[in-house]
Amino acid sequence: MSDAPKTSGMTRLRNYFLTGFIVCAPLAITAYIAWSFIGWVDSWVKPYIPARYSPDTYLPFPVPGFGLIVALILITLIGFLTANIVGRAIVGFGERLLGRMPLVRGIYGSLKQIFETVLSNKGDMFRQVGLVEYPRKGVWSLVFVAGGKETEINEKLDQEGDPLIAVFMPCTPNPTTGFLMYVLKSDIVLLDMTIEDGAKLIVSAGLVAPEVKSKMVTLNGEPINGTVANPPLGSHPARKSRTASSRPNK
């Protein structure tokens, strides 16, 4: 009889601790990553700032984030200058100069193409999340479906009516590494979840799964996302007036 209250009290304390840990851990990790990033940028930028323009010269303590602000201003200024004719000419000259260097031109060209693809709005990024049977039949792996671009691989291996599609299979818990595979379109099971939900599922090793929304189909065959609910007042279509043949005879 006396052990029940103690067990209940310890259980409550454990639940309180776990609740506080769930609240504090993401905040602490996010703050640590942000603070580390700010310190990393400051360590690169601050040594190049003249002492008379740095607030650290006049204050008894270093100002965190000043180097990051300066870097953002410089990057924006470079983008503004590059948009002009003179800036484009300078950038073009620099790229031609890098293009003559055997090792540097490959690294620069690859990095530039990756950044242009990720940061542009051309729709060349991953379009959808899907499932592929890998590494054996009956075992499914999550993949990100890339844009359907025609490449030399498609010209040599495409089947009629069933083209090859480039998919990226990320690794858990680091989605930045993985495998690039070309899979037949018929072998890919497309999902309705977003790219962000798929990334969360991979990073959390399946612990954070997106909610499944039940789909309904109208009489016209169009899918409806969401839950079933009565239509709001005033949204009913107007009833058609009765024709002469449908009116009751008096």
Side-chain angles (χ1 to χ4, degrees), residues 18 21-41 44 68 71 75 103-159 161-215 223 225:
L18 293 177
F21 184 79
I22 292 173
V23 173
C24 296
L27 294 175
I29 294 174
T30 303
Y32 173 77
I33 294 175
W35 187 264
S36 300
F37 177 76
I38 293 173
W40 177 72
V41 176
W44 275 80
L68 178 62
I75 292 173
L103 181 61
V104 177
R105 64 185 179 187
I107 299 175
Y108 173 76
S110 301
L111 291 175
K112 182 181 178 183
Q113 189 173 6
I114 291 173
F115 276 96
E116 286 180 348
T117 302
V118 172
L119 299 178
S120 65
N121 296 322
K122 298 179 181 179
D124 296 333
M125 295 179 60
F126 298 122
R127 298 181 304 171
Q128 208 167 358
V129 183
L131 292 173
V132 173
E133 282 188 299
Y134 182 87
R136 62 175 177 83
K137 191 174 181 62
V139 177
W140 296 88
S141 297
L142 205 68
V143 296
F144 295 144
V145 181
K149 277 190 173 181
E150 291 293 334
T151 61
E152 183 182 357
I153 299 174
N154 295 99
E155 294 180 359
K156 294 184 179 296
L157 298 178
D158 268 0
Q159 299 181 8
D162 195 8
L164 286 172
I165 296 180
V167 298
F168 175 69
M169 187 182 68
C171 296
T172 301
N174 183 13
T176 59
T177 60
F179 303 95
L180 171 64
M181 302 185 296
Y182 281 85
V183 186
L184 293 174
K185 185 177 181 180
S186 59
D187 293 335
I188 304 174
V189 179
L190 299 179
L191 303 177
D192 295 326
M193 70 174 64
T194 61
I195 301 296
E196 291 78 10
D197 290 337
K200 291 178 183 178
L201 189 63
I202 292 170
V203 172
S204 65
L207 297 177
V208 181
E211 296 181 359
V212 180
K213 295 181 180 180
S214 58
K215 277 196 171 184
N225 294 325

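Keep in mind that the numbers below use all heavy atoms, side chains included, and drop hydrogens, waters and symmetry copies. Predicted model only: the values in this text are computed from it and were never measured. Counting from 1, the numbers follow the sequence of the chain as shown.
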Does the side chain of Leu190 reach to within under 4.5 Å of the side chain of Val145, using non-hydrogen atoms?
yes

What's the verdict on side chain to side chain contact (heavy atoms under 4.5 Å, CB included) for Ile188 and Val167, showing C-alpha distance, side-chain angles and the deciding distance?
CA-CA 9 Å; Ile188 304 174; Val167 298; 3.8 Å; yes

Would you find more than 12 non-hydrogen atoms of other residues, nucleotides or ligands less than 6.0 Å from Trp140 atom CH2?
yes

Can you confirm whether more than 12 heavy atoms, excluding those of Phe21, are under 6.0 Å from its CZ atom?
no

Measure across Pro210 and Met193 and return the closest heavy-atom pair with its distance rounded to 0.1 Å.
CG-CE, 3.8 Å

Considering all heavy atoms of both residues, which atom of Phe144 and which atom of Ala199 are nearest to each other, and what is their separation?
CZ-N, 3.9 Å

Thr30 versus Pro26, closest heavy-atom pair with distance:
OG1-O, 2.7 Å

Grab the two heavy atoms, one from Pro175 and one from Ile202, that are nearest each other, plus how far apart they are.
CB-CG2, 4.3 Å

Please name the pair of heavy atoms, one in Leu68 and one in Phe37, separated by the smallest distance, quoted to 0.1 Å.
CD1-CE2, 4.0 Å

Counting only N and O atoms by type, is there a donor-acceptor contact under 3.5 Å from the side chain of Ser141 to the main-chain atoms of Tyr134?
yes

Are the side chains of Leu142 and Leu191 in touch, meaning some heavy atoms are under 4.5 Å apart?
yes

Distance, nearest 0.5 Å, that separates OG1 of Thr177 from CE of Met169
10.0 Å

With Leu184 as partner, the option from Leu157, Ile165, Asp162, Val132 fulfilling side chain to side chain contact (heavy atoms under 4.5 Å, CB included) is Asp162

Smallest separation among heavy atoms of Pro170 and Val143, with atom names
CD-CA, 4.5 Å

Separation between CD1 of Ile195 and CD of Gln128, rounded to the nearest 0.5 Å:
7.5 Å

